[in-house]
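Down below is the structure, laid out as structure tokens.
In what follows, residues are counted from 1 in the order of the sequence shown. Side chains are part of it too, since the values below use all heavy atoms of this structure and drop only hydrogens, waters and symmetry mates.
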Amino acid sequence: MSGEEQDEREAFRSALKAHLDGFATRGQTISLWWRDDDAIEPTPALDRMLALANRYGVDIGLAVIPKGAGEALAERLRQEPHAVVLQHGWRHKNHQIKAEGEKAAELGTRRDMDEVLGELTMGREKLEGLFGEKFIPALVPPWNRISDAIAQAAPGIGLPGLSTFTSKVAMRPHRLQTHLDPIKWKENGRFIGWGSARRRFDEILEARSQAPSEPIGLLSHHLVMDDDHFAFFEDVLEITAAHPAAKWPPVRRLFAL
């Protein structure tokens, strides 16, 4: 890390602490939660991420792709006190038409509803069998996109929870959003940079100063994370886990399921 990057990292840390100090002065607290997408099997990156969660005593909701998941991941997570499992669609396959300008989605508008609900039901049953009480019946749509019809039908097949990535929907029962993803997907998945991370956190925390009840969701993708991404999460966890104005409730409690 260059000297300039180190200075930006320190500015990020200082800004986060200052925001939290402000919440404490006003007698407010904020809640945070952590979602990680695309888990299928044990990997060194997954081990590194789970070690962070354990070090700071913070739950992590692993969005597991049901079709590819197996006993190896179940065994790896069995003794992990802070790992819970969410359902990441069925197989993370795009069914939209890129040539027509449609954004990628597995649970979009191009699917037969019965087919989609059948796949999601198979996925829920598989994850229940593999992970038992670690499984939270909450749906995480691949690419964070889901049609209104599928979202409305999901509770009827045993998936009342929903998590996407947006600040543009009102809080609803059993819905838990993510708001900050430190990955630049259009630039080979590199870290967004400490300056961008600080500005995005500033915007989120400024909004929470007026309405602190909605949990702030951090989103990670362990399979593409490098040292800078891990440093970001370590800094956020280190600062927030020790600050009286921040709390990390159990993920299951946040979904209220």
Side-chain angles (χ1 to χ4, degrees), residues 32-93 106-107 119-144 158-159 161-165 176 178 180-183 185 189 191 215 217-238 240-241 248-255 257:
L32 301 99
W33 81 291
W34 184 6
R35 194 186 96 202
D36 180 84
D37 287 2
D38 303 339
I40 295 177
E41 60 187 358
T43 64
L46 180 63
D47 290 344
R48 187 175 179 181
M49 193 178 61
L50 292 170
L52 273 181
N54 290 332
R55 186 181 313 158
Y56 295 103
V58 167
D59 268 10
I60 183 165
L62 297 174
V64 174
I65 302 171
K67 192 173 190 305
E71 185 58 38
L73 182 61
E75 179 62 29
R76 174 64 185 85
L77 299 181
R78 195 156 285 137
Q79 302 303 319
E80 286 293 336
H82 295 293
V84 294
V85 171
L86 313 173
Q87 181 169 338
H88 204 22
W90 165 241
R91 62 184 296 183
H92 210 302
K93 178 182 178 180
E106 181 175 64
L107 307 179
E119 289 179 351
L120 292 177
T121 299
M122 286 192 297
R124 174 183 56 77
E125 292 172 348
K126 183 175 182 180
L127 296 182
E128 286 174 340
L130 283 171
F131 300 103
E133 293 183 356
K134 281 190 172 294
F135 176 62
I136 296 174
L139 180 60
V140 178
W143 294 282
N144 289 296
L159 291 169
L162 179 64
S163 178
T164 59
F165 182 89
L176 194 56
T178 53
L180 200 160
D181 179 357
I183 294 177
W185 290 104
F191 178 51
L218 303 181
L219 178 57
S220 63
H221 296 76
H222 65 278
L223 292 174
V224 298
M225 286 165 57
D226 61 19
D227 288 345
D228 288 332
H229 296 109
F230 278 103
F232 166 81
F233 281 98
E234 179 150 21
D235 281 2
V236 173
L237 292 170
E238 177 190 343
T240 57
W248 289 81
V251 171
R252 186 180 297 274
R253 184 192 305 167
L254 291 174
F255 274 107
L257 295 172

**OP:** Report the residues that fulfil side chain to side chain donor-acceptor pair (under 3.5 Å) with Glu125, sequence neighbours left out, ordered by chain and then residue number.
**Re:**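 Counting only residues at least two positions away or on another chain, Glu125 forms no side chain to side chain donor-acceptor pair (under 3.5 Å).
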
Identify the two heavy atoms, one from [X] and one from [Y], that lie closest to each other, and give their separation to 0.1 Å.
X	Y	answer
Ala45	Phe230	O-CZ, 3.8 Å
Leu120	Trp90	CD2-N, 4.4 Å
Leu257	Ala138	CD1-CB, 4.5 Å
Leu159	Phe135	CD2-CZ, 4.2 Å
Pro66	Gly123	CB-CA, 3.6 Å
Leu73	Pro42	N-CD, 3.8 Å

Original post:
When you check the gap from the basic side-chain N to the acidic O, do Arg48 and Asp227 get nearer than 4.0 Å?
Top reply: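 Between Asp227 and Arg48 there is a salt bridge, with a charged N closer than 4.0 Å to a carboxylate O.
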
Using a 3.5 Å distance criterion without hydrogens, assess whether the side chain of [X] forms a donor-acceptor pair with backbone atoms of [Y].
X	Y	value
Lys134	Glu80	yes
Asp37	Leu219	no
Asp226	His229	yes
Glu106	Arg91	yes
Lys126	Ala69	yes

Atom pair [atom1]/[atom2] of [X] and [Y] - distance to nearest 0.5 Å:
X	Y	atom1	atom2	answer
His88	Ile65	NE2	CD1	5.5 Å
Leu107	Thr164	CG	OG1	11.5 Å
Thr240	Trp34	OG1	CH2	10.5 Å
Arg78	Leu130	CZ	CG	8.5 Å
Ile136	Arg253	CD1	CZ	12.0 Å

Kindly indicate whether the side chain of [X], heavy atoms from C-beta on, has any atom under 4.5 Å from the side chain of [Y].
X	Y	value
Trp248	Leu237	yes
Trp185	Val224	yes
Ile60	Leu50	yes
Trp33	Val58	no
Leu46	Leu62	yes
Leu139	Arg124	no

Original post:
Only one of Leu254, Asn144, Val140 clears side-chain contact (heavy atoms from CB on, under 4.5 Å) with Ser163; which?
Top reply: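 By the side-chain contact (heavy atoms from CB on, under 4.5 Å) criterion, Ser163 pairs with just one of Leu254, Asn144, Val140: Val140.
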
Original post:
Which word best sums up how the rings of Phe191 and Phe232 line up, parallel for under 30°, tilted for 30 to 60°, or perpendicular for over 60°?
Top reply: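 If you compare the ring of Phe191 with that of Phe232, the planes turn out tilted.
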
Original post:
Would you say Glu71 has more than 12 foreign heavy atoms packed within less than 6.0 Å of its CD?
Top reply: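 It does: Glu71 CD has more than 12 such atoms within range.
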
Original post:
Under the side chain to side chain contact (heavy atoms under 4.5 Å, CB included) test, which residues partner Asp59, sequence neighbours left out?
Top reply: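 Expected list: His82, Pro250, Val251.
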
